[in-house]
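Residue numbering restarts at 1 for every chain, and letters A, B, ... go by the order of the sequence lines.
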2 protein chains.
Amino acid sequence: MPDATLWSALADPHRRAIVALLLQRPRPVGEIVEACGLSQPSTSKHLKVLREAGLVRVRQDAQRRVYALDPAPIAELDAWLAPYRELWNRSLDALGRRLDETPDDTSHAPEEPTTKD
Amino acid sequence: MPDATLWSALADPHRRAIVALLLQRPRPVGEIVEACGLSQPSTSKHLKVLREAGLVRVRQDAQRRVYALDPAPIAELDAWLAPYRELWNRSLDALGRRLDETPDDTSHAPEEPTTKD
DNA sequence: GCGCTTTATTCCTTGACAGGAATATAATCG
DNA sequence: CGATTATATTCCTGTCAAGGAATAAAGCGC
């Protein structure tokens with residue numbers, strides 16, 4: 001189960017936006033400030049929360065600090081989600097069987113092999 | 001991308017506990033109260049938040065209200081997670097490749113130690 | 001209807017968190 | 001060292017959410 005700090009870190013929309021930005025590529029703080037439209041102090045505070053949640057790492061590049069996503073907590077979230085995903089797959093399967101109305105059916109197999117556990 | 005209410009609903013540890021309880025089986029409010037050790041009003045308020053986030057449904061059974069998980073928002077979370085999971089898989093894969101380098105090459109070339117100052 | 005049980009809601013207080021402004025720290029360069 | 005850039009931290013304030021106590025509402029049995 002993920003740490004509480006992980007959930008509360010991701011509960012904030014601005015922080016999720018930062019995380020989405022860092023998914024594209026690592027970025028220095030200035031870029032994040034500009035992209036999010038937040039003030040620099042506020043951004044730094046959000047980055048601190050993300051750091052303490054283990055979601056991002058910092059690399060120093062001259063005076064700049066380049067933030068990058070750390071994939072580990074994502075795995076934690078994924079592990080937390082796993083039992084619920086089973087429930088979801090079950091219900092999807094049942095719904096699909098009952099309604100049979102999916103025209104662009106995505107081949108709902110009983111086992112979902114997309115994640116290499 | 002999941003709705004903000006979904007994230008804030010799951011940000012609370014008590015609500016995650018309730019969700020975990022409901023993963024096992026649907027339960028009436030009284031059971032949740034006892035299992036979580038919260039007061040009845042507090043539990044009802046948490047259930048309301050979960051309801052508004054779409055995470056649970058209610059079924060009426062005499063005077064009791066039986067709450068059950070709704071799997072749909074889980075799918076939303078999973079969809080949100082997907083791009084990050086790719087990142088995570090990539091990093092796992094990179095690590096695996098590094099560890100899986102065919103070690104039968106006894107004269108493995110080390111990193112060039114000269115270019116660094 | 002009346003009581004009884006179960007759950008929801010309101011009122012209130014408290015604590016946590018976000019944001020802005022100003023300031024401090026760190027690193028680079030001359 | 002002093003100036004400059006880039007980022008972090010502190011202080012303050014407003015907002016929002018959680019928890020408890022009391023109360024309301026809804027459904028059931030008589």
Exam field: side chain B:Ser42 to backbone B:Leu38, donor-acceptor pair closer than 3.5 Å: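 Side chain of B:Ser42 to backbone of B:Leu38: no pair is present.
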Check: B:Ser8 main-chain N/O paired with B:Arg15 side-chain donor or acceptor under 3.5 Å: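 Here the side-chain-to-backbone pair exists.
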Close residues, residues 34-45 of chain A, relative to DNA chain C [heavy-atom separation under 4.0 Å]: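 Per residue number, the list reads A:Ser39, A:Pro41, A:Ser42, A:Lys45.
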Selection: residues 54-68 of chain B, any non-hydrogen atom under 4.0 Å of DNA chain C: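 Listed by number, they are B:Gln63, B:Arg64, B:Arg65, B:Tyr67.
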Using whole Å, report how far [atom1] of [X] lies from [atom2] of [N].
X       : N      : atom1 : atom2 : result
B:Asp12 : C:dA16 : CG    : P     : 14 Å
A:Glu52 : C:dC17 : CD    : P     : 11 Å
B:Trp7  : D:dC16 : CH2   : P     : 22 Å
A:Arg16 : C:dA18 : CZ    : P     : 12 Å
A:Glu31 : D:dA6  : CD    : P     : 12 Å
B:Lys48 : D:dA17 : NZ    : P     : 12 Å

Atom pair CD (B:Glu34) and CD (B:Gln40), whose distance is rounded to the nearest 0.5 Å: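 Reported to 0.5 Å precision, the distance equals 13.0 Å.
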Polar side chain donor-acceptor pair, B:Arg59 to B:Tyr67, under 3.5 angstrom: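 The answer is no; no qualifying pair exists.
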side-chain contact (heavy atoms from CB on, under 4.5 Å) between A:Leu77 and A:Leu10, worked out: CA-CA 11 Å; A:Leu77 257 194; A:Leu10 289 174; 3.6 Å; yes
Set of residues satisfying salt bridge (charged side-chain N to carboxylate O under 4.0 Å, His left out) with respect to A:Arg65, sequence neighbours excluded: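 By the salt bridge (charged side-chain N to carboxylate O under 4.0 Å, His left out) rule, A:Arg65 matches no residue at all.
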Nearest-nucleotide 5' precedence on DNA chain C, B:Pro28 against A:His46: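 The 5'-side residue here is B:Pro28.
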In one Ile/Leu/Val/Met/Phe/Trp/Tyr side-chain cluster, 4.5 Å: A:Leu23, A:Ile32: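 Yes; tracing contacts between hydrophobic side chains, which count when under 4.5 Å, links both residues.
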Mutual orientation of the aromatic rings belonging to B:Trp7 and B:Trp80 [parallel < 30°, tilted 30-60°, perpendicular > 60°]: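 Ring orientation, 0 to 90° scale: perpendicular.
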